[in-house]
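Everything on this sheet refers to the single structure shown next.
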2 protein chains.
Amino acid sequence: MRIGQLAQLVGVETQTIRFYEQQGLLPPPDRQDNGYRVYTEKHGERLAFIRRCRILGLSLAEIHELQSYQDDPHQPCTAVNALLDDHISHVRSQITALQALEKQLVSLRASCNDDREVEACGVLAGISEGNMHQQ
Amino acid sequence: MRIGQLAQLVGVETQTIRFYEQQGLLPPPDRQDNGYRVYTEKHGERLAFIRRCRILGLSLAEIHELQSYQDDPHQPCTAVNALLDDHISHVRSQITALQALEKQLVSLRASCNDDREVEACGVLAGISEGNMHQQ
DNA sequence: ATTGACCTTATAGTAGCTTTATAGTTTTAA
DNA sequence: TTAAAACTATAAAGCTACTATAAGGTCAAT
Ligand SMILES: [Zn+2]
Ligand SMILES: [Zn+2]
Ligand SMILES: [Zn+2]
Ligand SMILES: [Zn+2]
């Protein structure tokens, strides 16, 4: 299986596959005589794993860590679970921050309407005055 | 006022100030004979405005746009308000996406506990099987 | 023989800074 | 007075996770 077929199979671009190889996330495949990469099913599974991790918002470093756990299957799950717990709390704090942000933005938006001129813009005034509760 | 004082006043690093100047967000200040930048109060206000926009999650491009509106104070507020509305909807869709993500992650996490070995890890199995509802 | 589809590497661009390197200037302390 | 510290300057690289571009080699079909 060549790189284009693998890319189509998993739904990524060929450059992305080479990038993962370069980053050490995907093991370097064998090459044909002409230098073309030849992939196996294992590569496909590994690549699909990476993509699903990315969809879950895991960083490449976190994926790398997960892979290192997979390579040593008799250790306890503690580290894997801790990684996921950490990631969940990352996501939760992002949500909290964005919700606070939304609130600020909505109240800022409410301080103006389209009938005004920029000179008297409540939004710009609101930002300039800086009566923002930080964080 | 030199760059270090301005930085301390507004609470940013000096490099950040130079970066904003380079990006056209902060007007180039006068220079002393030795080449040191000299800032006025106006610069301070402008920089504070930028920082408050950043805290609100606005991109540098959006801030640039806002600044261009400020320079032409007799146009209607429509564009400013539209920019903010767009940004609010960006933030809202991010929140929605992250909430869906959190749900997935929590259910994935529930499929394992610390008593298992990596070999039988519910988390890793869950990712590998790929029964994920995308998006 | 040449088009087109595929493959290769290397390099640069994206956002918003931060870090590093290298060098010149001013202030402070011994 | 001089030597160290703190400050300033520019330029370039690093960060994340790719994406895009350039310039070229390979292969099948026309
Ligand atoms: Zn994470
Ligand atoms: Zn307005
Ligand atoms: Zn926005
Ligand atoms: Zn587990």
Side-chain angles (χ1 to χ4, degrees), chain A residues 1-26 28-40 43 46-67 86-87 90-91 94 97-98 101, chain B residues 1-26 28-39 43 46-67 83 86-87 90-91 94 97-98 101:
Chain A
M1 185 188 239
R2 294 194 315 199
I3 196 168
Q5 299 170 266
L6 178 62
Q8 199 175 8
L9 188 70
V10 181
V12 299
E13 306 230 14
T14 55
Q15 300 102 313
T16 306
I17 295 175
R18 294 193 197 98
F19 173 74
Y20 288 156
E21 180 184 335
Q22 186 196 321
Q23 300 296 307
L25 286 170
L26 206 52
D30 288 341
R31 301 285 185 127
Q32 289 177 352
D33 292 346
N34 56 16
Y36 289 13
R37 290 170 176 82
V38 188
Y39 291 99
T40 66
H43 285 100
R46 190 103 176 215
L47 180 55
F49 181 86
I50 295 170
R51 290 274 60 184
R52 285 192 287 262
C53 286
R54 292 293 300 130
I55 288 167
L56 293 173
L58 294 167
S59 69
L60 298 192
E62 286 168 327
I63 297 171
H64 209 84
E65 207 179 322
L66 278 187
Q67 288 182 342
D86 278 359
H87 188 64
H90 291 166
V91 170
Q94 280 186 64
L98 284 173
L101 189 56
Chain B
M1 184 188 237
R2 296 195 315 197
I3 197 169
Q5 298 171 268
L6 178 62
Q8 200 175 8
L9 188 69
V10 181
V12 299
E13 307 229 15
T14 55
Q15 300 101 314
T16 306
I17 296 175
R18 295 193 197 99
F19 173 74
Y20 287 156
E21 179 184 336
Q22 186 196 321
Q23 299 296 306
L25 287 171
L26 207 52
D30 289 342
R31 302 282 185 130
Q32 288 177 352
D33 292 346
N34 55 15
Y36 287 14
R37 291 170 175 82
V38 188
Y39 291 100
H43 286 99
R46 190 103 176 215
L47 180 55
F49 181 86
I50 295 171
R51 289 275 59 185
R52 284 192 288 260
C53 286
R54 293 292 300 131
I55 288 167
L56 292 173
L58 294 167
S59 69
L60 299 191
E62 286 168 327
I63 296 170
H64 208 84
E65 207 180 323
L66 279 186
Q67 288 182 342
L83 191 154
D86 278 0
H87 189 63
H90 290 165
V91 170
Q94 279 186 67
L98 284 173
L101 190 56

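By convention in this document, chain letters (A, B, ...) are assigned in the order of the sequence lines, proteins followed by strands, and residues within each chain are numbered from 1.
- When the side-chain nitrogen and oxygen atoms of A:R37 are compared with OP1 and OP2 of C:dC6, none of them lie within a distance under 4.0 Å.
- To the nearest 0.5 angstrom, A:L66 atom CG is 5.0 Å from A:F49 atom CZ.
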Discussion item. For B:Q67 and B:R46: C-alpha separation, side-chain torsions, deciding distance, then whether side-chain hydrogen bond (donor to acceptor under 3.5 Å, both in side chains) applies.
Written reply: CA-CA 9 Å; B:Q67 288 182 342; B:R46 190 103 176 215; 3.2 Å; yes
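- The side chain of B:R54 has C:dG16 as its nearest neighbour among C:dG24, D:dC18, C:dG16.
- No donor-acceptor pair under 3.5 Å is formed between the side chain of B:Q8 and the backbone N or O of B:Q5.
- Sequence order on DNA chain D of the closest nucleotides to A:S59 and B:Y36 puts B:Y36 first from the 5' end.
- Out of C:dT9, C:dC6, C:dG16, the shortest distance to the side chain of A:R2 is found at C:dC6.
- Nearest nucleotide to the side chain of B:Y20, out of D:dC18, C:dC17, D:dT21: C:dC17.
- A residue-by-residue look at B:Q5 and A:L60 shows that B:Q5 has its nearest nucleotide of DNA chain D further toward the 5' end.
- Following rounding to the nearest Å, B:E21 (CD) and D:dT8 (P) show an atom-to-atom distance of 14 Å.
- Counting any heavy atom pair closer than 4.0 Å across all strands shown, A:R18 reaches a base atom.
- A straight line from CD of B:E13 to P of C:dT19 spans 6 Å, rounded to a whole angstrom.
- Proximity of B:R51 to the phosphate of C:dC17: a side-chain N or O atom is located under 4.0 Å from OP1 or OP2.
- If you take SG on A:C53 and NE2 on A:H87, they are separated by 9.0 Å, rounding to the nearest 0.5 Å.
- When rounded to the nearest whole Å, the span between CZ of A:F19 and C1' of C:dT11 equals 14 Å.
- Within the structure, every side-chain polar atom (N or O) of A:N34 is placed at least 4.0 Å from both OP1 and OP2 of D:dG25.
- The CD1 atom of B:I50 sits 16 Å away from the P atom of C:dA15 (whole-angstrom rounding).
- Checking the phosphate oxygens (OP1, OP2) of D:dC7, no side-chain nitrogen or oxygen of B:T14 falls inside 4.0 Å.
- Nucleotide C:dC17 holds its P atom 12 Å from the CD1 atom of B:I17, rounded to whole Å.
- Between B:H90 atom NE2 and C:dA15 atom C1' there is a gap of 15 Å when expressed in whole angstrom units.
- Distance B:Q22 CD to D:dA12 C1': 11 Å, rounded to the nearest Å.
- For B:Q15 and D:dG14, the CD to P distance is 17 Å, given to the nearest whole Å.
- B:Y20 and B:R51 share a side-chain donor-acceptor pair at under 3.5 Å.
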